[in-house]
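To start, the structure itself, in C-alpha coordinates.
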Amino acid sequence: MLDIQYLRNDLDAAAQRLASRNYAFDKASFAELEAQRKEVQTRTQDLQAKRNNTSKQIGIAKSKGEDTSAILAEVATLGDELKAAEEQLAVIQSQMQAFLQNIPNLPHESVPVGKSEADNIEVRKWGTPRSFDFEIKDHTDVGAPLGLDFDTGAKLSGARFTFMRGQIAKLHRALAQFMLDTQTEEHSYIECYTPYMVNAETLRGTGQLPKFEEDLFSLDHNESKLYLIPTSEVTLTNIVRDEIVPLESLPIKLTAHTPCFRSEAGSYGKDTKGMIRQHQFDKVEMVQIVHPEKSYAALEEMVGHAEAILQKLRLPYRVVSLCTGDMGFGAAKTYDLEVWLPAQNTYREISSVSNCEAFQARRMQARFRNEAGKPELLHTLNGSGLAVGRTLVAVLENYQNADGSVTIPEILRPYMKGLEQLKAS
RNA sequence: GGAGAGGUGGCAGAGUGGUUGAAUGUACCUGACUCGAAAUCAGGCAUACACGCAAGUGUAUCGAGGGUUCGAAUCCCUCCCUCUCCGCCA
(Lines give C-alpha, C1' and ligand atoms only; values in the text may rest on other atoms or scores of the structure.)
Protein backbone atom coordinates (compact mmCIF):
# COMPACT_ATOMS: atom_id res chain seq x y z
CA MET A 1 0.00 0.00 0.00
CA LEU A 2 1.21 3.48 -0.82
CA ASP A 3 1.41 6.36 1.60
CA ILE A 4 -1.83 8.26 1.21
CA GLN A 5 -0.09 11.47 2.25
CA TYR A 6 2.24 11.09 -0.69
CA LEU A 7 -0.72 10.64 -3.03
CA ARG A 8 -2.42 13.74 -1.65
CA ASN A 9 0.68 15.89 -1.90
CA ASP A 10 2.17 14.64 -5.12
CA LEU A 11 -0.57 13.03 -7.14
CA ASP A 12 0.96 13.73 -10.53
CA ALA A 13 4.36 12.35 -9.65
CA ALA A 14 2.79 9.21 -8.18
CA ALA A 15 0.64 8.65 -11.26
CA GLN A 16 3.65 9.08 -13.50
CA ARG A 17 5.77 6.59 -11.58
CA LEU A 18 2.93 4.08 -11.62
CA ALA A 19 2.41 4.57 -15.34
CA SER A 20 5.95 3.26 -15.86
CA ARG A 21 4.77 -0.09 -14.57
CA ASN A 22 1.67 -0.20 -16.74
CA TYR A 23 -0.66 0.93 -14.00
CA ALA A 24 -3.15 3.58 -15.04
CA PHE A 25 -3.76 5.57 -11.90
CA ASP A 26 -7.25 7.04 -11.88
CA LYS A 27 -6.48 10.54 -10.65
CA ALA A 28 -10.02 11.85 -11.11
CA SER A 29 -11.60 9.09 -9.01
CA PHE A 30 -9.02 9.52 -6.32
CA ALA A 31 -9.48 13.28 -6.14
CA GLU A 32 -13.24 12.91 -6.06
CA LEU A 33 -13.15 10.28 -3.33
CA GLU A 34 -10.67 12.32 -1.34
CA ALA A 35 -12.85 15.43 -1.54
CA GLN A 36 -15.85 13.47 -0.32
CA ARG A 37 -13.83 11.94 2.45
CA LYS A 38 -12.63 15.28 3.69
CA GLU A 39 -16.10 16.78 3.79
CA VAL A 40 -17.82 13.81 5.41
CA GLN A 41 -15.06 13.07 7.88
CA THR A 42 -14.91 16.64 9.10
CA ARG A 43 -18.67 16.77 9.46
CA THR A 44 -18.79 13.42 11.27
CA GLN A 45 -16.10 14.42 13.71
CA ASP A 46 -17.83 17.70 14.46
CA LEU A 47 -21.05 15.86 15.22
CA GLN A 48 -19.22 13.38 17.41
CA ALA A 49 -17.58 16.21 19.31
CA LYS A 50 -20.95 17.82 19.86
CA ARG A 51 -22.44 14.56 21.10
CA ASN A 52 -19.53 13.89 23.43
CA ASN A 53 -19.70 17.36 24.83
CA THR A 54 -23.46 17.23 25.39
CA SER A 55 -23.35 13.83 26.99
CA LYS A 56 -20.70 15.04 29.34
CA GLN A 57 -22.90 17.94 30.36
CA ILE A 58 -25.80 15.60 31.03
CA GLY A 59 -23.54 13.59 33.26
CA ILE A 60 -22.48 16.66 35.19
CA ALA A 61 -26.03 17.93 35.51
CA LYS A 62 -27.28 14.59 36.75
CA SER A 63 -24.55 14.29 39.34
CA LYS A 64 -25.66 17.65 40.67
CA GLY A 65 -29.27 16.50 40.62
CA GLU A 66 -30.31 19.10 38.07
CA ASP A 67 -33.03 18.69 35.49
CA THR A 68 -31.68 17.42 32.16
CA SER A 69 -34.78 17.38 30.01
CA ALA A 70 -33.82 20.60 28.19
CA ILE A 71 -30.44 19.27 27.12
CA LEU A 72 -31.93 15.93 26.20
CA ALA A 73 -34.41 17.59 23.90
CA GLU A 74 -31.60 19.51 22.29
CA VAL A 75 -29.70 16.41 21.26
CA ALA A 76 -32.75 14.40 20.28
CA THR A 77 -32.17 14.93 16.59
CA LEU A 78 -28.42 14.60 16.76
CA GLY A 79 -28.46 10.81 16.80
CA ASP A 80 -29.90 10.23 13.35
CA GLU A 81 -27.78 12.85 11.72
CA LEU A 82 -24.63 11.44 13.29
CA LYS A 83 -25.52 7.89 12.40
CA ALA A 84 -26.06 8.84 8.77
CA ALA A 85 -22.74 10.68 8.65
CA GLU A 86 -20.90 7.77 10.23
CA GLU A 87 -22.36 5.32 7.77
CA GLN A 88 -21.50 7.55 4.86
CA LEU A 89 -17.95 7.91 6.13
CA ALA A 90 -17.57 4.16 6.54
CA VAL A 91 -18.60 3.61 2.94
CA ILE A 92 -16.16 6.23 1.66
CA GLN A 93 -13.35 4.88 3.77
CA SER A 94 -13.83 1.33 2.61
CA GLN A 95 -13.90 2.56 -0.98
CA MET A 96 -10.67 4.44 -0.38
CA GLN A 97 -9.17 1.39 1.28
CA ALA A 98 -10.12 -0.82 -1.66
CA PHE A 99 -8.67 1.74 -4.05
CA LEU A 100 -5.38 1.89 -2.16
CA GLN A 101 -5.12 -1.88 -1.68
CA ASN A 102 -5.14 -2.37 -5.43
CA ILE A 103 -2.37 0.08 -6.31
CA PRO A 104 1.02 -1.55 -6.89
CA ASN A 105 4.23 -0.31 -5.31
CA LEU A 106 6.23 2.57 -6.76
CA PRO A 107 9.34 1.43 -8.63
CA HIS A 108 12.69 2.52 -7.19
CA GLU A 109 14.51 5.10 -9.29
CA SER A 110 17.22 2.57 -10.20
CA VAL A 111 14.73 0.21 -11.84
CA PRO A 112 14.97 0.10 -15.63
CA VAL A 113 11.85 1.41 -17.32
CA GLY A 114 10.24 -1.09 -19.65
CA LYS A 115 7.08 -2.81 -20.73
CA SER A 116 7.80 -6.51 -20.45
CA GLU A 117 10.29 -9.25 -19.73
CA ALA A 118 12.11 -8.25 -22.90
CA ASP A 119 13.17 -4.97 -21.29
CA ASN A 120 14.83 -6.52 -18.25
CA ILE A 121 18.51 -5.73 -17.86
CA GLU A 122 21.14 -8.40 -17.41
CA VAL A 123 23.37 -7.39 -14.52
CA ARG A 124 25.94 -10.18 -14.57
CA LYS A 125 26.55 -13.76 -15.62
CA TRP A 126 28.23 -16.55 -13.73
CA GLY A 127 29.62 -19.82 -15.07
CA THR A 128 29.84 -21.20 -18.55
CA PRO A 129 27.18 -23.52 -19.93
CA ARG A 130 28.61 -26.97 -20.41
CA SER A 131 28.96 -28.27 -23.95
CA PHE A 132 27.56 -31.74 -24.55
CA ASP A 133 28.97 -34.27 -26.99
CA PHE A 134 25.73 -36.22 -27.09
CA GLU A 135 22.07 -35.57 -27.77
CA ILE A 136 20.79 -33.89 -24.63
CA LYS A 137 17.43 -34.62 -23.05
CA ASP A 138 15.15 -32.33 -21.13
CA HIS A 139 14.54 -32.95 -17.46
CA THR A 140 11.37 -34.98 -17.98
CA ASP A 141 13.22 -37.49 -20.13
CA VAL A 142 16.25 -37.51 -17.89
CA GLY A 143 14.09 -37.86 -14.79
CA ALA A 144 11.56 -40.45 -15.94
CA PRO A 145 13.82 -43.51 -15.57
CA LEU A 146 15.08 -42.12 -12.24
CA GLY A 147 11.67 -41.83 -10.57
CA LEU A 148 10.23 -38.54 -11.80
CA ASP A 149 6.62 -39.42 -12.57
CA PHE A 150 4.11 -36.92 -13.94
CA ASP A 151 1.52 -39.56 -14.86
CA THR A 152 1.06 -40.60 -11.28
CA GLY A 153 0.97 -36.95 -10.22
CA ALA A 154 -1.81 -36.37 -12.73
CA LYS A 155 -3.68 -39.49 -11.63
CA LEU A 156 -3.68 -38.41 -8.01
CA SER A 157 -4.33 -34.71 -8.44
CA GLY A 158 -4.46 -33.60 -12.06
CA ALA A 159 -2.22 -31.55 -14.28
CA ARG A 160 0.75 -29.69 -12.79
CA PHE A 161 1.45 -32.20 -10.03
CA THR A 162 4.52 -34.39 -9.70
CA PHE A 163 5.15 -37.68 -7.98
CA MET A 164 8.74 -38.61 -7.20
CA ARG A 165 10.06 -41.88 -5.94
CA GLY A 166 13.43 -43.34 -5.05
CA GLN A 167 16.70 -41.52 -5.59
CA ILE A 168 15.18 -38.53 -7.27
CA ALA A 169 12.87 -37.91 -4.32
CA LYS A 170 15.90 -38.12 -2.11
CA LEU A 171 17.85 -35.70 -4.28
CA HIS A 172 14.95 -33.28 -4.05
CA ARG A 173 15.09 -33.54 -0.28
CA ALA A 174 18.89 -33.17 -0.32
CA LEU A 175 18.60 -29.93 -2.28
CA ALA A 176 16.21 -28.43 0.25
CA GLN A 177 18.38 -29.51 3.17
CA PHE A 178 21.49 -28.11 1.56
CA MET A 179 19.83 -24.77 0.85
CA LEU A 180 18.44 -24.46 4.34
CA ASP A 181 21.80 -25.37 5.90
CA THR A 182 23.59 -22.81 3.74
CA GLN A 183 21.19 -19.98 4.56
CA THR A 184 21.24 -20.70 8.28
CA GLU A 185 24.88 -21.66 8.79
CA GLU A 186 26.61 -19.32 6.36
CA HIS A 187 24.23 -16.39 6.02
CA SER A 188 22.81 -16.38 9.55
CA TYR A 189 19.11 -16.67 8.83
CA ILE A 190 16.96 -18.18 11.54
CA GLU A 191 15.32 -21.41 10.48
CA CYS A 192 11.54 -21.38 10.82
CA TYR A 193 8.73 -23.83 10.51
CA THR A 194 5.50 -22.10 9.54
CA PRO A 195 1.85 -22.88 8.88
CA TYR A 196 0.99 -23.77 5.29
CA MET A 197 -2.54 -22.48 5.66
CA VAL A 198 -3.22 -18.86 6.54
CA ASN A 199 -6.12 -16.49 6.97
CA ALA A 200 -7.09 -13.67 4.64
CA GLU A 201 -5.67 -10.99 6.90
CA THR A 202 -2.20 -12.49 6.57
CA LEU A 203 -2.45 -12.52 2.78
CA ARG A 204 -3.61 -8.92 2.74
CA GLY A 205 -0.50 -8.02 4.70
CA THR A 206 1.92 -9.19 2.03
CA GLY A 207 -0.29 -8.08 -0.86
CA GLN A 208 -1.65 -11.35 -2.30
CA LEU A 209 -5.14 -10.25 -1.33
CA PRO A 210 -7.45 -8.71 -2.32
CA LYS A 211 -6.15 -8.46 -5.86
CA PHE A 212 -4.80 -11.94 -6.56
CA GLU A 213 -7.33 -14.26 -4.99
CA GLU A 214 -7.59 -16.31 -8.19
CA ASP A 215 -3.92 -17.27 -7.91
CA LEU A 216 -4.46 -18.92 -4.54
CA PHE A 217 -5.86 -22.24 -3.39
CA SER A 218 -8.32 -21.97 -0.56
CA LEU A 219 -10.03 -24.27 1.88
CA ASP A 220 -13.40 -23.97 3.52
CA HIS A 221 -13.30 -25.28 7.01
CA ASN A 222 -16.45 -24.86 9.03
CA GLU A 223 -17.20 -21.15 8.89
CA SER A 224 -13.67 -20.02 8.28
CA LYS A 225 -11.77 -19.80 5.04
CA LEU A 226 -8.09 -20.53 4.91
CA TYR A 227 -5.66 -20.25 2.04
CA LEU A 228 -2.67 -22.39 1.13
CA ILE A 229 0.46 -20.25 1.11
CA PRO A 230 1.82 -19.39 -2.35
CA THR A 231 5.23 -18.79 -0.72
CA SER A 232 6.54 -18.70 2.83
CA GLU A 233 7.26 -15.00 2.28
CA VAL A 234 3.67 -14.74 3.49
CA THR A 235 4.17 -16.39 6.86
CA LEU A 236 7.70 -15.17 7.51
CA THR A 237 6.90 -11.55 6.75
CA ASN A 238 3.63 -11.44 8.66
CA ILE A 239 5.29 -12.30 11.95
CA VAL A 240 5.73 -8.54 12.46
CA ARG A 241 2.17 -7.63 11.54
CA ASP A 242 0.73 -5.19 14.10
CA GLU A 243 4.02 -5.14 15.97
CA ILE A 244 6.38 -2.37 16.99
CA VAL A 245 9.75 -4.06 17.23
CA PRO A 246 12.70 -2.59 19.11
CA LEU A 247 15.47 -1.08 17.02
CA GLU A 248 18.01 -3.53 18.44
CA SER A 249 16.18 -6.52 17.02
CA LEU A 250 16.89 -5.41 13.44
CA PRO A 251 17.64 -6.83 11.00
CA ILE A 252 15.35 -9.83 11.37
CA LYS A 253 16.53 -12.58 9.01
CA LEU A 254 14.34 -15.63 8.56
CA THR A 255 14.32 -18.68 6.36
CA ALA A 256 11.99 -21.63 5.90
CA HIS A 257 11.57 -24.61 3.65
CA THR A 258 7.92 -25.00 2.76
CA PRO A 259 5.72 -26.19 -0.01
CA CYS A 260 4.11 -23.42 -2.08
CA PHE A 261 0.72 -23.66 -3.71
CA ARG A 262 -0.26 -21.64 -6.76
CA SER A 263 -3.26 -22.06 -9.00
CA GLU A 264 -1.33 -20.65 -11.96
CA ALA A 265 -4.49 -19.02 -13.22
CA GLY A 266 -3.73 -17.19 -16.42
CA SER A 267 -0.77 -19.36 -17.36
CA TYR A 268 -2.69 -21.88 -19.45
CA GLY A 269 -0.46 -23.37 -22.06
CA LYS A 270 2.70 -22.08 -20.39
CA ASP A 271 5.29 -24.66 -19.36
CA THR A 272 2.76 -27.44 -19.47
CA LYS A 273 5.42 -30.09 -19.74
CA GLY A 274 7.62 -30.97 -16.81
CA MET A 275 8.00 -29.50 -13.37
CA ILE A 276 8.85 -25.91 -14.24
CA ARG A 277 5.37 -24.69 -13.36
CA GLN A 278 3.51 -26.73 -10.76
CA HIS A 279 0.54 -26.21 -8.49
CA GLN A 280 2.69 -27.44 -5.61
CA PHE A 281 6.42 -26.92 -5.29
CA ASP A 282 8.98 -26.59 -2.53
CA LYS A 283 10.98 -23.49 -1.87
CA VAL A 284 13.53 -22.28 0.63
CA GLU A 285 12.62 -18.69 1.29
CA MET A 286 14.66 -15.86 2.78
CA VAL A 287 12.99 -12.88 4.42
CA GLN A 288 14.65 -9.81 5.88
CA ILE A 289 12.88 -7.20 7.95
CA VAL A 290 15.11 -4.17 8.18
CA HIS A 291 15.63 -0.50 8.96
CA PRO A 292 14.48 1.60 5.97
CA GLU A 293 17.96 3.00 5.40
CA LYS A 294 19.42 -0.48 5.08
CA SER A 295 16.97 -2.12 2.71
CA TYR A 296 18.88 -1.59 -0.52
CA ALA A 297 22.08 -2.92 0.96
CA ALA A 298 20.07 -5.91 2.21
CA LEU A 299 18.66 -6.46 -1.29
CA GLU A 300 22.13 -6.79 -2.80
CA GLU A 301 23.20 -9.03 0.06
CA MET A 302 20.21 -11.33 -0.43
CA VAL A 303 20.87 -11.69 -4.14
CA GLY A 304 24.32 -12.88 -3.11
CA HIS A 305 22.78 -15.38 -0.69
CA ALA A 306 20.71 -16.86 -3.50
CA GLU A 307 23.67 -16.83 -5.90
CA ALA A 308 25.74 -18.75 -3.36
CA ILE A 309 23.47 -21.76 -3.78
CA LEU A 310 23.87 -21.83 -7.56
CA GLN A 311 27.62 -21.32 -7.30
CA LYS A 312 28.00 -24.17 -4.84
CA LEU A 313 25.98 -26.34 -7.20
CA ARG A 314 28.13 -25.09 -10.10
CA LEU A 315 25.08 -24.17 -12.12
CA PRO A 316 25.54 -21.33 -14.64
CA TYR A 317 23.18 -18.44 -14.14
CA ARG A 318 22.64 -14.77 -14.77
CA VAL A 319 21.30 -11.98 -12.61
CA VAL A 320 18.60 -9.82 -14.14
CA SER A 321 17.21 -6.51 -12.93
CA LEU A 322 13.49 -6.57 -13.65
CA CYS A 323 12.10 -3.60 -15.50
CA THR A 324 9.18 -1.53 -14.24
CA GLY A 325 6.69 -3.46 -16.38
CA ASP A 326 7.75 -6.92 -15.22
CA MET A 327 7.95 -6.45 -11.47
CA GLY A 328 5.55 -8.00 -9.01
CA PHE A 329 2.79 -6.03 -7.31
CA GLY A 330 4.55 -5.25 -4.02
CA ALA A 331 8.11 -4.83 -5.22
CA ALA A 332 10.00 -1.54 -5.48
CA LYS A 333 12.94 -3.37 -7.01
CA THR A 334 13.48 -6.98 -8.01
CA TYR A 335 16.39 -9.08 -9.18
CA ASP A 336 15.72 -12.44 -10.76
CA LEU A 337 18.27 -15.22 -10.88
CA GLU A 338 17.97 -17.26 -14.03
CA VAL A 339 19.62 -20.66 -14.25
CA TRP A 340 20.88 -22.18 -17.45
CA LEU A 341 18.66 -24.96 -18.80
CA PRO A 342 20.50 -26.69 -21.65
CA ALA A 343 17.44 -28.47 -23.06
CA GLN A 344 15.65 -25.14 -23.42
CA ASN A 345 18.90 -23.50 -24.49
CA THR A 346 18.08 -20.54 -22.30
CA TYR A 347 18.14 -19.07 -18.81
CA ARG A 348 15.02 -19.63 -16.70
CA GLU A 349 13.94 -17.95 -13.47
CA ILE A 350 14.95 -19.89 -10.37
CA SER A 351 14.90 -17.12 -7.77
CA SER A 352 13.38 -13.71 -7.35
CA VAL A 353 14.61 -11.26 -4.74
CA SER A 354 12.60 -8.13 -3.98
CA ASN A 355 12.72 -5.08 -1.80
CA CYS A 356 9.15 -4.09 -0.94
CA GLU A 357 10.28 -1.06 1.04
CA ALA A 358 7.35 -0.02 3.28
CA PHE A 359 4.66 -1.35 0.94
CA GLN A 360 3.94 -4.50 2.92
CA ALA A 361 4.83 -2.91 6.25
CA ARG A 362 2.17 -0.25 5.74
CA ARG A 363 -0.45 -2.89 5.03
CA MET A 364 0.67 -4.88 8.05
CA GLN A 365 1.24 -1.91 10.35
CA ALA A 366 4.69 -3.40 10.98
CA ARG A 367 6.89 -0.86 12.66
CA PHE A 368 10.00 -0.35 14.73
CA ARG A 369 10.83 2.27 17.31
CA ASN A 370 13.32 4.57 15.65
CA GLU A 371 16.28 6.46 17.10
CA ALA A 372 13.92 9.18 18.34
CA GLY A 373 11.67 6.63 20.01
CA LYS A 374 8.90 7.08 17.46
CA PRO A 375 7.22 4.21 15.60
CA GLU A 376 8.25 4.07 11.96
CA LEU A 377 7.42 1.62 9.18
CA LEU A 378 9.88 -1.18 8.53
CA HIS A 379 11.13 -2.31 5.16
CA THR A 380 10.58 -5.90 4.11
CA LEU A 381 12.48 -8.01 1.61
CA ASN A 382 12.00 -11.51 0.36
CA GLY A 383 13.79 -13.85 -1.96
CA SER A 384 13.97 -17.46 -2.94
CA GLY A 385 17.04 -19.26 -1.88
CA LEU A 386 16.02 -21.19 -4.04
CA ALA A 387 13.00 -22.80 -5.68
CA VAL A 388 13.71 -26.48 -5.00
CA GLY A 389 11.78 -28.02 -7.90
CA ARG A 390 13.38 -25.81 -10.50
CA THR A 391 16.78 -26.43 -8.99
CA LEU A 392 16.17 -30.16 -9.39
CA VAL A 393 15.30 -29.51 -13.03
CA ALA A 394 18.55 -27.58 -13.48
CA VAL A 395 20.62 -30.33 -11.86
CA LEU A 396 19.03 -33.06 -13.99
CA GLU A 397 19.62 -31.16 -17.21
CA ASN A 398 23.07 -29.76 -16.52
CA TYR A 399 24.50 -32.87 -14.90
CA GLN A 400 23.09 -35.49 -17.29
CA ASN A 401 25.41 -38.04 -18.86
CA ALA A 402 25.31 -39.88 -22.19
CA ASP A 403 24.34 -43.16 -20.52
CA GLY A 404 21.25 -41.62 -18.92
CA SER A 405 22.77 -41.26 -15.48
CA VAL A 406 23.02 -37.98 -13.64
CA THR A 407 26.11 -36.91 -11.74
CA ILE A 408 25.30 -35.62 -8.28
CA PRO A 409 26.87 -32.19 -7.61
CA GLU A 410 29.66 -32.62 -5.09
CA ILE A 411 28.15 -30.30 -2.53
CA LEU A 412 25.06 -32.54 -2.34
CA ARG A 413 26.89 -35.82 -1.88
CA PRO A 414 27.10 -35.61 1.91
CA TYR A 415 23.29 -35.36 1.84
CA MET A 416 23.12 -38.47 -0.37
CA LYS A 417 25.29 -40.76 1.78
CA GLY A 418 28.19 -40.17 -0.60
CA LEU A 419 26.32 -41.32 -3.70
CA GLU A 420 27.93 -39.92 -6.87
CA GLN A 421 25.42 -40.69 -9.56
CA LEU A 422 21.73 -41.26 -10.06
CA LYS A 423 21.15 -44.31 -12.24
CA ALA A 424 18.04 -46.07 -13.40
CA SER A 425 17.61 -49.23 -11.35
C1' G B 1 -16.53 -32.97 20.27
C1' G B 2 -18.35 -31.85 25.79
C1' A B 3 -17.85 -28.65 30.39
C1' G B 4 -15.82 -24.32 32.58
C1' A B 5 -12.67 -19.70 33.05
C1' G B 6 -10.79 -15.52 30.74
C1' G B 7 -9.20 -11.54 26.94
C1' U B 8 -8.00 -3.70 29.76
C1' G B 9 -1.82 0.47 28.14
C1' G B 10 5.59 -2.60 27.49
C1' C B 11 4.29 -5.85 31.78
C1' A B 12 1.21 -6.56 36.25
C1' G B 13 -3.54 -5.12 37.65
C1' A B 14 -8.18 -1.80 39.22
C1' G B 15 -12.47 -0.41 37.07
C1' U B 16 -20.44 -3.18 36.26
C1' G B 17 -23.53 3.09 32.54
C1' G B 18 -21.73 9.59 33.27
C1' U B 19 -16.25 15.43 33.41
C1' U B 20 -12.36 7.28 32.07
C1' G B 21 -7.66 7.23 27.10
C1' A B 22 -8.64 4.67 31.43
C1' A B 23 -6.71 4.31 39.08
C1' U B 24 -2.40 1.96 41.10
C1' G B 25 2.20 -0.64 40.75
C1' U B 26 6.29 -1.67 37.63
C1' A B 27 9.41 -0.71 33.44
C1' C B 28 11.24 3.42 30.64
C1' C B 29 12.74 8.93 29.88
C1' U B 30 13.93 13.89 32.07
C1' G B 31 15.16 16.87 36.27
C1' A B 32 16.63 17.46 41.65
C1' C B 33 19.84 15.36 45.48
C1' U B 34 25.13 12.79 44.86
C1' C B 35 32.14 12.98 43.40
C1' G B 36 29.31 9.08 40.79
C1' A B 37 25.69 5.31 41.46
C1' A B 38 21.73 3.21 44.34
C1' A B 39 17.74 4.88 47.17
C1' U B 40 14.42 9.02 47.46
C1' C B 41 11.56 13.17 45.48
C1' A B 42 9.22 15.93 41.16
C1' G B 43 7.63 15.66 36.18
C1' G B 44 6.88 12.95 31.68
C1' C B 45 5.61 8.43 29.21
C1' A B 46 -0.09 4.72 23.87
C1' U B 47 -1.42 4.42 18.71
C1' A B 48 -3.88 5.97 14.39
C1' C B 49 -6.47 9.63 11.89
C1' A B 50 -8.64 14.56 10.59
C1' C B 51 -8.42 19.94 10.29
C1' G B 52 -4.49 23.71 10.54
C1' C B 53 1.35 27.44 7.83
C1' A B 54 1.94 26.64 12.89
C1' A B 55 0.66 26.72 17.94
C1' G B 56 -2.97 23.65 18.56
C1' U B 57 -7.93 21.60 18.37
C1' G B 58 -10.83 17.44 17.50
C1' U B 59 -12.10 12.10 16.44
C1' A B 60 -11.35 6.91 17.13
C1' U B 61 -9.31 2.79 19.80
C1' C B 62 -10.17 -1.48 26.74
C1' G B 63 -9.94 -9.20 21.56
C1' A B 64 -13.28 -8.22 16.68
C1' G B 65 -18.03 -6.84 14.75
C1' G B 66 -23.06 -5.38 15.67
C1' G B 67 -27.01 -3.54 19.18
C1' U B 68 -29.33 -0.66 23.48
C1' U B 69 -28.55 4.59 25.37
C1' C B 70 -28.15 11.58 25.33
C1' G B 71 -23.71 8.77 27.05
C1' A B 72 -20.63 1.93 26.97
C1' A B 73 -14.20 -0.72 29.13
C1' U B 74 -18.88 -1.39 31.94
C1' C B 75 -25.48 -3.88 29.59
C1' C B 76 -27.24 -7.32 25.21
C1' C B 77 -26.07 -10.40 20.64
C1' U B 78 -22.58 -12.79 17.19
C1' C B 79 -17.71 -14.18 16.21
C1' C B 80 -12.32 -14.88 17.20
C1' C B 81 -8.47 -16.19 20.45
C1' U B 82 -6.17 -18.10 25.11
C1' C B 83 -6.25 -21.29 29.44
C1' U B 84 -8.16 -25.69 32.55
C1' C B 85 -10.65 -30.52 32.77
C1' C B 86 -12.87 -34.74 29.96
C1' G B 87 -13.16 -37.39 25.17
C1' C B 88 -10.71 -38.44 20.47
C1' C B 89 -6.14 -38.32 17.89
C1' A B 90 -0.43 -38.03 14.56
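Convention: sequence-line order gives letters A, B, ...; per-chain numbering from 1. Heavy atoms only: backbone and side chains are in, while hydrogens, waters and symmetry mates are out. All of these numbers come straight from a predicted model, not from anything done at the bench.
E191(A) and T255(A) form no side-chain donor-acceptor contact under 3.5 Å, judged by distance and modelled atom types alone. Side-chain contact check for Q311(A) and Y317(A): at least one donor-acceptor pair (N or O, by modelled atom type) lies under 3.5 Å.
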Measure all distances between protein nitrogen or oxygen atoms and nitrogen or oxygen atoms of nucleotides 28-30 of chain B, and list the pairs falling under 3.5 Å.
none

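For the C1' atoms, the distance linking A12(B) with G6(B) amounts to 16 Å, nearest Å. Rounded to the nearest Å, the gap between the C1' atom of G15(B) and that of U74(B) is 8 Å. Taking the P atoms as reference points, C88(B) lies 25 Å from C80(B), given to the whole Å. Comparing the P positions of G25(B) and U57(B) gives a spacing of 27 Å, expressed to the nearest Å. The C1' atoms of G67(B) and G17(B) are separated by 15 Å, rounded to the nearest whole Å. When the C1' atom is compared between A22(B) and A72(B), the two are found 13 Å apart, to the nearest whole Å. Rounded to whole Å, the C1' atom of A73(B) lies 15 Å from the corresponding atom of A60(B). With both ends at atom P, the span from G31(B) to G21(B) equals 32 Å, rounded to whole Å.
Where RNA chain B pairs in unbroken runs of 3 or more (Watson-Crick or G-U, both distances under 3.5 Å), the stems are B:1-7 with B:80-86, B:10-12 with B:24-26, B:28-32 with B:40-44, B:46-51 with B:56-61, B:63-67 with B:75-79.
The salt bridge (Lys or Arg N to Asp or Glu O under 4.0 Å) test applied to D12(A) returns K27(A), not counting sequence neighbours. With sequence neighbours excluded, no residue satisfies ring pair (Phe, Tyr, Trp, His ring centres under 6.0 Å) with F281(A). Partners of E243(A) according to the salt bridge (Lys or Arg N to Asp or Glu O under 4.0 Å) rule, which considers only residues two or more places apart in sequence or in another chain, do not exist here. For H257(A), there are no ring pair (Phe, Tyr, Trp, His ring centres under 6.0 Å) partners, not counting sequence neighbours. Evaluation of the ring pair (Phe, Tyr, Trp, His ring centres under 6.0 Å) rule for Y335(A) yields no partner, not counting sequence neighbours.
Regarding L377(A), its CG atom lies at a distance of 14 Å from the C1' atom of C49(B), rounded to whole Å. The NZ atom of K225(A) sits 17 Å away from the P atom of C80(B) (whole-angstrom rounding). The nearest whole Å value for the distance from the CZ atom in R369(A) to the P atom in G9(B) is 14 Å.
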Could you go through residues 192-201 of chain A and list every donor-acceptor pair under 3.5 Å that involves a side-chain atom there, pairing it with any protein atom two or more places apart or in another chain?
{"residue": "T194(A)", "atom": "OG1", "partner": "T235(A)", "partner atom": "OG1", "Å": "2.9"}
{"residue": "N199(A)", "atom": "OD1", "partner": "E201(A)", "partner atom": "N", "Å": "3.4"}
{"residue": "N199(A)", "atom": "OD1", "partner": "T202(A)", "partner atom": "N", "Å": "3.0"}
{"residue": "N199(A)", "atom": "OD1", "partner": "T202(A)", "partner atom": "OG1", "Å": "2.8"}
{"residue": "E201(A)", "atom": "OE1", "partner": "R204(A)", "partner atom": "NE", "Å": "3.4"}
{"residue": "E201(A)", "atom": "OE1", "partner": "R204(A)", "partner atom": "NH2", "Å": "2.9"}

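Atom CD of E371(A) has more than 12 neighbouring heavy atoms from other residues, nucleotides or ligands inside a 6.0 Å radius.
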Exercise for the section: Go along nucleotides 57-75 of chain B 5' to 3' and tag each nucleotide: B for a protein heavy atom under 4.0 Å from its base, S when only backbone or sugar atoms are that close, - otherwise. Expected result: -BSS---------BS----

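Pairs of residues two or more places apart, or lying in two chains, that qualify as ring pair (Phe, Tyr, Trp, His ring centres under 6.0 Å) and include a residue from residues 354-373 of chain A are H291(A)-F368(A), F329(A)-F359(A). Residue pairs satisfying the ring pair (Phe, Tyr, Trp, His ring centres under 6.0 Å) criterion with at least one member in residues 156-188 of chain A, sequence neighbours excluded, are listed as follows: F161(A)-H279(A), H187(A)-H305(A).
Ring pair H108(A)/Y296(A): centre-to-centre distance below 6.0 Å.
By the 4.5 Å heavy-atom criterion applied to side chains, T162(A) and D149(A) are not counted as neighbours.
Using a 4.0 Å heavy-atom distance criterion, R8(A) is classed as a sugar-phosphate-only contact.
The CG atom of L171(A) sits 10.5 Å away from the CG atom of L148(A) when rounded to the nearest 0.5 Å.
Proximity of residues 88-104 of chain A to RNA chain B (heavy atom under 4.0 angstrom from any strand atom) is not detected for any residue.
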